[in-house]
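Since the structure comes first, as structure tokens, the remarks are kept for the end.
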Number of protein chains: 2
Amino acid sequence: MEFNEAKAQFIQTWGKLGSEWGINRTMAQVHAILLISPKAMSAEEIMAELSISRGNANMNIRDLINWNLVHKELVPGDRKEYFTAEKDIWEVARRIIKERKKREMEPVLKVINQLKTIEGDQQSAEIKEFTSMINQLDSFVGKMDKSVNLLLNENENKLFSILFKLMS
Amino acid sequence: MEFNEAKAQFIQTWGKLGSEWGINRTMAQVHAILLISPKAMSAEEIMAELSISRGNANMNIRDLINWNLVHKELVPGDRKEYFTAEKDIWEVARRIIKERKKREMEPVLKVINQLKTIEGDQQSAEIKEFTSMINQLDSFVGKMDKSVNLLLNENENKLFSILFKLMS
DNA sequence: TTAAACTTTCAGTAATTATTGAAAGTTTAT
DNA sequence: ATAAACTTTCAATAATTACTGAAAGTTTAA
């Protein structure tokens, strides 16, 4: 396969995967471009590469920075801003997990905790079923939370070495 | 908190979480209703509970069945179809992971494999960076794939007992 | 200061995704 | 066979989400 074709396919695949996981397709595509770029890129270059507007490029780059996946790079003697992506894929995964945990898991944990005690006839089938499900979820999400913390605190090799041991 | 308020909040939270993860909000809400229902529900009851149309209910219930999270239940002497959700939350998680792996991880693995060999000057900075990223991804996704298989094949206690050991 | 070089914002618009509801399809009982 | 009771489909429409581009804002250099 020719390089340009491979590059286009990579950008498209990364974008599709992102959109399947609730991440703006363009944001994922900008990320893909930066992941495979050997040098920091300007907003102009990103706009040209994806044929998107300045506003769109700006907002998606900013989002990537908020996700801690991309950062600005200053070139001395140049007023333009350049952008680079974190290239260590394990670190990329950690940062995505960290961010989604903060944005999505923590609010859910909070709601579940509120729903653990409800008023009314505790013997009614509806309330019994509801309470049982909330308790299951509370336990499950709590375990997940701990596992994710582990994942975030350990390094790649430590975690995988244990998983591999499990597998054998 | 009163039961009906708690129920409404649970349905809404589940729906929001779903939409953040690329799953149709209504599908997630139908799932939420069934998760906390002590009995199998008909399409009519689900339509009424969420104020949605027959077509919408039908399609989302079908999707949930395709995800293997909900199944039909036949009541002797009744022509209506009734639906129930898998209630074991660990099993729910396993089925979601299994389905997403099949739908999303496997196609990505396939593309990555195709992109591992590309034509052109292997010394160029662009190709070197591209190849390096593809190789990292190949290794990472391969490990993830194995870990997910493990997760799917072991039971909850086995896996978590090892994670807990890790954490201590 | 001034103005050039750049970045950010956001109202309007476009693209995508989800929903409705009525018609078509299917199953069951008689 | 017929019709009642139910489910499924899908074209039209609505709702949501993303994008554009020009104007406003900011920074830097002289």
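Letters go in sequence order (proteins before strands), and every chain restarts at 1.
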Figure out the [atom1]/[atom2] separation between [X] and [N], and round it to whole Å.
X	N	atom1	atom2	answer
D63(A)	dC19(D)	CG	C1'	13 Å
D78(B)	dC6(D)	CG	P	7 Å
M47(A)	dT20(D)	CE	C1'	10 Å
I46(A)	dT7(C)	CD1	P	11 Å
K16(B)	dA18(C)	NZ	C1'	19 Å
L64(A)	dA18(D)	CG	P	14 Å
L74(A)	dT28(D)	CG	C1'	13 Å
E44(A)	dA5(C)	CD	C1'	10 Å

Annotated protein contacts, base or backbone, on nucleotides 19-30 of chain C with a non-hydrogen cut-off under 4.0 Å, one of B, S, - each: SBB-----BB--

Do the charged groups of [X] and [Y] touch, with an N to O distance under 4.0 Å?
X	Y	result
E45(A)	K80(A)	no
E20(A)	R100(B)	no
R95(B)	E91(B)	yes

Any N58(A) side-chain nitrogen or oxygen under 4.0 Å from OP1 or OP2 of dT7(C): no

Under 4.0 angstrom between R62(B) side-chain N/O and dT7(D) OP1 or OP2: no

Heavy-atom side-chain contact between R62(A) and N58(A) under 4.5 Å: yes

K39(B) atom NZ, over 12 foreign heavy atoms within 6.0 Å: yes

K7(A) versus N4(A), side-chain donor and acceptor atoms under 3.5 Å: no

